[in-house]
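Here is the structure we will look at.
Just so we're clear, the structure is a prediction, and the values are computed from it rather than from any experiment.
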Amino acid sequence: MSDMHSTPGPREPARPGNDNGMSRRSFLRLSGGATAFAGVAALTAGLAPLRELASFTSLEKFLQKHYKEMTPREMERVLDRIAREVERQYGMRPHVRDLKPMDGVEFVYALNLSRCIGCRRCVHACVAENNQSGDPALEYIRVVKMPQGTFDLTKGEHNYEPESVPEEGYFYMPVQCQQCANPPCVKVCPVRATWQEPDGITVIDYDWCIGCRYCQAACPYFARRFNFKKPVIPKERLNPNMSYLGNRPREVGVVEKCHFCIQRTRAGRYPACLEVCPVGARKFGNVLDPESEISYILREKRVFTFILKEEQGTLPRFFYYLDK
Amino acid sequence: MNDETKKAAALTGAAVVFAALAVVFLTAGMRERPQHPIFLVDPVHLDTSPVRMNYDTLTDARYDTSDYDCYLCHSRAERVELQFDDVGDLILKEHDYITFAHGPARAANYCFNCHNRDRLDQFRTQYGRTLSFSQSSELCGSCHGVTYRDWVADAHGRTSGYWNLAMGDRKRLDCTQCHDPHDTRFPSLAPAPGPHSMRDRIPAQLATDGRNDDE
């Protein structure tokens, strides 16, 4: 073979007697190499998005057990994995916890419709606290404006934008997850990714959710949101106080909803929507404690629940009431 | 066709396929980038401060409280006289910046329903109890018993901090941090922007519709 006799070098020298000055073989080798090179380059570029997918942390996530089957040590490792993932994506180390329900605590929310002025501060405080995506924008709370004297949701309006609120002749009704004691959303989940906790909060394990959206369709309150795209949250807007079943950043393809600010309320604090409400229309607490304001309200006020489909018997833990 | 031509053809084919894939992925990546500004919460809407500063909060913030220093202008020796017009409305002189609208019928527009005529820097309830400017909530309570009881139970007004008192403290706002004692109606506010995921999309029927429309 001619190769053997040629001087060492990357390319075979052209030999006399070959009319185009280059052997077919060397041409093929050259073009083959170039093609292969282009192919590898294209492959690398083409697979770039998969790099993220195939990262070590995702493998850990893939092998993770169901929330209820994890030992505390396993959970610790999962929380560490989440912290690392957040740090990689957002460049900040979050404080991720898995707060457990407290004994003797069942959460109830009550909203005073004669106070609410429809200012929507709760909507925005919720987005900021719970790391909701800014693009596409997701919100857990929606406020419906309705003519006074009716309770007709078909007359409700979401997109009101007056100079100032309240507007004469209207009342405002904020709606979010009603934390039903008999939740239709939980029943339809085929993979047990959403369930009711002992303190009454219906939670979602974002690592377990497969994004089938049955729960979303089952919810009569329109309370669940789906991440159609990868959520976008600017680094500087990320709330670093996170919890596993709460406000840790979500991935594309999972469902999320109000969880009573689990990262705050299981640490004894009030939810963010309550603290921002300027009129004090929002009340929250432990219904098993007779001294709590929520027990007082259930005792003293005419409370009612928001029933959309009576036959479902959802039994919301979210009450509405009027003062007069 | 010999082996080598086949190999070259296969390689070229693969290169073309990968190049096409690369283009698809890259443009897909580009499409994912927002074509419009990302919706961010305006921190203005996250402000948890009360709508009004009362005597205590003004004092704590070391603001000017000379308005509360009645005896800067009034004399302790002279009783303040009130003047009324023909229909019985109070004529305010120096304090005409005070808007009087306490209740629908301006029920409590007699200054000395609340202020102590004999000691202007105090309140006096209808039962004769004197209170300092820091005790205005109790003053309100002397006439608004039901609301006061709700307030003490944290059912009227606003709280922040801990629902669980075993884990931390709770703050409760005074009546005068929400209500101007002279003009009691809660002020109207500019609403924060409306729903983004639903803007212009879901009209009335959404309310009973189990889907969200951010598709």
Starting at NE2 of B:H182, measure out to SG of B:C114 and round the result to the nearest 0.5 Å.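 Interatomic distance, B:H182 NE2 to B:C114 SG, rounded to 0.5 Å: 7.5 Å.
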Under a 4.0 Å threshold between the charged nitrogen and the carboxylate oxygen, would [Y] count as salt-bridged to [X]?
{"X": "A:E139", "Y": "A:R225", "answer": "no"}
{"X": "A:R224", "Y": "A:E256", "answer": "no"}
{"X": "B:K171", "Y": "A:E275", "answer": "no"}

B:H179 vs B:F186 aromatic rings, parallel, tilted or perpendicular, using cut-offs 30° and 60°? perpendicular
Classify the ring geometry of B:Y55 against B:Y68: parallel below 30°, tilted from 30° to 60°, perpendicular beyond 60°. tilted
Part of [X] lying under 4.5 Å from any heavy atom of chain B:
{"X": "A:R121", "result": "both"}
{"X": "A:C277", "result": "backbone"}
{"X": "A:Y321", "result": "side chain"}
{"X": "A:V279", "result": "both"}
{"X": "A:Y270", "result": "both"}
{"X": "A:V123", "result": "neither"}
{"X": "A:R115", "result": "side chain"}
{"X": "A:E129", "result": "neither"}
{"X": "A:P271", "result": "neither"}
{"X": "A:T265", "result": "both"}
{"X": "A:R299", "result": "neither"}

With chain B, the option among A:R264, A:E293, A:R237, A:R120 that has the most non-hydrogen atom pairs under 4.5 Å is A:R120
Side chain, backbone, both or neither: which part of [X] has a heavy atom under 4.5 Å from chain A?
{"X": "B:R149", "value": "both"}
{"X": "B:T159", "value": "both"}
{"X": "B:D150", "value": "both"}

Report yes if some heavy atom in the side chain of B:F123 is under 4.5 Å from a heavy atom in the side chain of B:H115; otherwise report no. yes
With chain A, which of B:H45, B:H156, B:Q177 has the greatest number of heavy-atom pairs at distances under 4.5 Å? B:H45
Quick one: which of B:V146, B:V51, B:L40 has the most heavy-atom pairs under 4.5 Å with chain A, could you say? B:L40
Please check if the side chain of B:T57 supplies one atom and the backbone of B:M53 the other of a donor-acceptor pair under 3.5 Å. no
Kindly give the heavy-atom pair with the smallest separation between A:N112 and A:S114, and that separation in Å. OD1-OG, 2.6 Å
Could you check, using the six-membered ring where one of them is a Trp, whether A:F228 and A:F226 have ring centers closer than 6.0 angstrom? yes
